[in-house]
Every structure is written in structure tokens, then in C-alpha cells.
Amino acid sequence: MTHYFWNMNPAEEYILNQEEPFKSILLQLQVLVETTIPQLELKYKYRIPFYYLEGKPFCYLNVPKKKPYVDVGFWSAAHLTVHLDKMVTDGRKVMKSLRYTTLEEIDAEVLIEVVLDAQRVNHKGFWKD
């Protein structure tokens, strides 16, 4: 049986083509992020799903190759102020992310608070001046 998906962008294909548990994690994160900020636009940039807000990069969803987790990376991470203790830098100078290895690890309240904080500072860009 052949399945046809109309109007599916590459970002959605990326999510649906992941193995479990990553597909379920990504779908849950997608619902939480998009219901928190409905005006976000999901694009496919740097070969991963990347949300844009008012034309500016906002956050991305990534399953790194050969790594057992999903990252939600925040573009304006240098300016974030909430739940920094739960965020991972992993050797990156500016980028910070929330990282999940199981669906049960997703704390919706924490994610939503970080997403709202990122929305508040998104106009400030990538670097901290």
C-alpha cells in the first residue's frame, strides 16, 4: 500500500521518518512548541526542523546522528533567563538546548516557560552584546 502525503514539508518528513522513541518525542515537542506560539513557522534549515518567528530563527528540533536523544536548541540562548540549570551547552559557545532521551522526560511546563522566554528575547539575536 502506498501512502501519499500532500503539503508535507521536509521538516515534517524529518519528524515522521525518525525511529522511536525519537518520532514520538519530536511530535510531542512540536505540539507543545506550536500551541505555545502559534505564529511560529516550521521550516527545514540545516537539514533539521527549524522554527522561525517573524522571519528570525527561533529554535530547532534535532536528532543528532548516532546520539540517543532529541535536542530543542534555542537560537537566542545567550539571552535566556529561565531553567538554565536544565539546559545543555555540550561544548557549544552560545547555543543551549533542552535534551530528551524518552517521552517521559518532557516536562511540558519547563519547555513552555523556556519557549516563552525565548519569544521574549528573540529580537535580540544570536550573540550577547
Side-chain angles (χ1 to χ4, degrees):
M1 181 193 246
T2 307
H3 294 280
Y4 295 97
F5 296 102
W6 283 276
N7 298 325
M8 189 169 12
N9 73 35
E12 291 167 331
E13 282 183 42
Y14 173 99
I15 291 168
L16 293 174
N17 287 331
Q18 295 299 321
E19 293 180 15
E20 291 297 353
F22 309 121
K23 180 165 81 172
S24 293
I25 294 169
L26 287 164
L27 288 168
Q28 180 68 24
L29 294 171
Q30 185 182 15
V31 167
L32 289 167
V33 169
E34 291 178 13
T35 53
T36 303
I37 306 177
Q39 61 270 39
L40 283 173
E41 189 180 353
L42 182 60
K43 298 184 177 189
Y44 189 69
K45 298 280 184 180
Y46 315 105
R47 295 206 292 255
I48 57 173
F50 215 119
Y51 284 103
Y52 278 69
L53 180 62
E54 296 164 0
K56 295 188 177 86
F58 182 75
C59 72
Y60 63 80
L61 305 175
N62 184 27
V63 180
K65 289 205 183 321
K66 299 187 178 169
K67 303 278 183 171
Y69 55 79
V70 174
D71 256 348
V72 183
F74 291 89
W75 188 258
S76 53
H79 308 281
L80 294 177
T81 58
V82 302
H83 300 298
L84 297 178
D85 58 316
K86 295 178 175 67
M87 301 192 87
V88 180
T89 54
D90 214 16
R92 299 169 293 192
K93 286 189 174 90
V94 181
M95 196 63 85
K96 291 182 182 76
S97 59
L98 290 169
R99 185 166 287 174
Y100 306 101
T101 55
T102 66
L103 196 55
E104 294 72 31
E105 282 179 11
I106 298 173
D107 183 329
E109 194 174 311
V110 167
L111 177 66
I112 289 167
E113 287 172 9
V114 173
V115 166
L116 290 172
D117 191 36
Q119 180 184 30
R120 185 182 57 76
V121 299
N122 199 56
H123 64 284
K124 294 186 176 180
F126 189 78
W127 301 101
K128 194 162 197 161
D129 297 327

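Hydrophobic clustering of Ile, Leu, Val, Met, Phe, Trp and Tyr side chains at less than 4.5 Å, counting indirect connections, keeps V70 apart from V88. Under the 4.5 Å side-chain heavy-atom criterion for grouping Ile, Leu, Val, Met, Phe, Trp and Tyr, I106 is not connected to V31 through any hydrophobic cluster.
Considering every non-hydrogen atom in both S97 and G73, the closest pair reads CB-CA, 3.7 Å. Of all non-hydrogen atoms in I15 and P49, the two that sit nearest each other are CG1-CG, 4.0 Å. Among all heavy-atom pairs drawn from C59 and V33, the shortest one is SG-CG1, 4.5 Å. Heavy-atom minimum distance, F22 versus Y69: CE2-N, 3.6 Å. Smallest separation of non-hydrogen atoms from A11 and L42: CB-CG, 3.7 Å. In plain terms, the two heavy atoms of T101 and P21 that are nearest each other are O-CG, 3.8 Å.
Atom CD of E109 sits about 7.0 Å away from atom NE2 of H83, to the nearest 0.5 Å. Between atom CD of residue Q30 and atom CD1 of residue I25 there is a gap of 14.0 Å, rounded to the nearest 0.5 Å.
Using a 4.5 Å heavy-atom threshold, the side chains of Y52 and P57 count as touching. With a 4.5 Å cut-off on side-chain heavy atoms, L98 and M87 count as touching. Taking the side chain as every heavy atom from C-beta outward, L61 and D71 never approach each other to under 4.5 Å. A 4.5 Å side-chain heavy-atom check between N62 and Y14 finds at least one atom pair inside the cut-off. A 4.5 Å side-chain heavy-atom check between L111 and Y100 finds at least one atom pair inside the cut-off. L27 places a side-chain heavy atom less than 4.5 Å from the side chain of L16. Side-chain contact check for F58 versus V115: some heavy-atom pair is nearer than 4.5 Å.
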Decide yes or no on side chain to side chain contact (heavy atoms under 4.5 Å, CB included) for V72 and V114, but give the supporting numbers first. CA-CA 10 Å; V72 183; V114 173; over 6 Å; no
Show your working on salt bridge (Lys or Arg N to Asp or Glu O under 4.0 Å) between K86 and D107 and close with a plain yes or no. CA-CA 11 Å; K86 295 178 175 67; D107 183 329; over 6 Å; no
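In terms of the side chain to side chain contact (heavy atoms under 4.5 Å, CB included) criterion, residue partners of L116 (sequence neighbours excluded) are, by chain and number, T36, I112, Q119.
For residues 38-47, no residue pair satisfies the side chain to side chain donor-acceptor pair (under 3.5 Å) rule, not counting sequence neighbours.
Between Y60 and F50, the angle of the ring planes lies from 30° to 60°, which puts this pair in the tilted group.
More than 12 heavy-atom neighbours from other residues, nucleotides or ligands sit within 6.0 angstrom of CD on E105. Counting non-hydrogen atoms of other residues, nucleotides and ligands closer than 6.0 Å to CD of E20 gives a total above 12.
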